[in-house]
Amino acid sequence: MTQTLTLRRPDDWHLHLRDGAMLEAVLPSTAAHFARAIIMPNLVPPVVTHKQALLYRDRILSALPSGANFTPLMTLYLTEDTDPSDVAEAHASGLVHAVKLYPAGATTNSASGVSNFDKVRPVLEKMAETGMPLCVHGEVTDENIDIFDREAVFIERVLEPIRRATPGLRVVMEHITTKDAVDYASAQDGSLGATITTHHLVINRNHILAGGIKPHYYCLPVAKREEHRLALRAAATSGSARFFLGTDSAPHTDANKLLPCGCAGCFTAPNTLSILAQVFEQEGALDKLEGFTSLHGPSFYKLPANDETITLFKSGATYPAHIDTAEGPVTVFDPGFALDWAVR
Ligand code: NCD
Ligand code: ZN
């Protein structure tokens with residue numbers, strides 16, 4: 001039986017680090033295991049311009065523990081007022097790697113997102129020209145659409161029309177949660193990638209709702225039926241380069257999660273790799289783990305894979321139930337099973 005597993009150092013292609021005290025508290029968990037991460041721009045106020053992205057990057061670098069080897073890959077938050085030339089300059093700097101599309105109102109801090117997609121057409125055309133990827137939060141915000149259907153409806157009503165109208169635009173379907181998204185992504189060419197989170201490989205909607213409500217399992221897009229979780233596991237472990245890891249680790253204090261209207265987000269940074277090793281082993285696909293965590297993402301983003309490696313040992317993993325921040329504790333995602341694989 002395999003007792004150690006050595007992988008090229010992983011990258012996280014969708015991460016929330018927040019700012020200030022929260023940034024300081026959560027960054028070490030990611031930097032301990034990951035070489036790079038695509039940093040989400042949904043701060044308050046959002047990271048909209050090239051200049052704001054560089055300032056945020058500086059704050060992240062200053063918050064790194066000494067000796068850490070971690071590179072933040074910055075993104076810009078797309079608004080209806082985004083200037084195409086600012087986006088092009090940001091991309092040319094080599095420090096800003098994607099633009100993030102939040103449909104207005106879809107998730108945490110998305111009020112400045114896009115309602116009228118015609119208004120962002122010039123930006124998308126510039127991105128198609130320069131090869132800069134668009135990271136998409138793929139849920140419609142129409143109140144008449146059931147929350148469990150919002151991803152599938154988005155593909156048909158928004159994503160496919162945008163891609164048809166903007167040939168050459170490179171798109172990442174982020175944190176996909178449905179078989180519909182897996183099937184759509186599988187049928188496209190290399191101009192489309194899809195990230196899958198750790199938690200969506202582990203939980204379905206019963207975990208959130210059956211036997212009492214579990215706020216720590218509530219995230220957006222919300223976990224769906226079991227058949228969708230199984231489709232995600234099959235996609236992640238398939239070896240297809242279309243699918244790669246974006247943890248969507250999204251810390252919120254327990255005080256903000258445990259409210260009558262609690263925040264969406266699972267904090268998985270500390271134990272993500274142990275959970276993924278377990279999932280891939282359960283699927284008999286440990287040989288596919290490196291592709292998912294360390295190879296397919298760099299290839300989509302046209303970056304070299306990391307030269308360094310990390311090793312996981314099958315010796316039992318422990319992780320803190322929560323991490324302390326100056327704003328209060330943040331609960332670490334509990335996969336509901338013991339973890340065999342430890343990163344040391
Ligand atoms: C994210 C957050 O908290 O910023 N929450 C989440 O549930 N994933 C936003 C997001 O990525 O949708
Ligand atoms: Zn996210």
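Just so you know, ligand 1 is whichever comes first in the structure, and atom 1 is the first atom listed for that ligand.
The nearest N/O/S atom of Asp248 to the Zn ion (ligand 2) is OD1.
Between Tyr102 and ligand 1, no N or O atom pair is found at a separation short of 3.5 Å. Geometrically, ligand 1 and Cys219 share no nitrogen or oxygen pair separated by less than 3.5 Å. The shortest N or O to N or O distance between Lys100 and ligand 1 is not below 3.5 Å. Residue Ala250 has no N or O atom closer than 3.5 Å to an N or O atom of ligand 1.
Heavy atoms of Met40 stay at 4.0 angstrom or farther from ligand 1. Heavy atoms of Arg18 approach ligand 1 to within less than 4.0 angstrom. A heavy-atom separation below 4.0 Å is not found between Glu174 and ligand 1.
His16 lies close to the Zn ion (ligand 2), since one of its N, O or S atoms is found at a distance under 2.8 Å. Backbone or side-chain N, O or S atoms of His14 reach the Zn ion (ligand 2) at under 2.8 Å. Contact annotation: Glu174 places no N, O or S atom under 2.8 Å from the Zn ion (ligand 2).
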>> Between Glu174 and Lys100, does the salt bridge (charged side-chain N to carboxylate O under 4.0 Å, His left out) criterion hold? Intermediate values first, please.
In response: CA-CA 10 Å; Glu174 299 205 280; Lys100 173 71 189 244; 2.8 Å; yes
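The closest donor-acceptor contact from the side chain of Glu156 to the backbone of Ala152 lies at 3.5 Å or more, if one exists at all.
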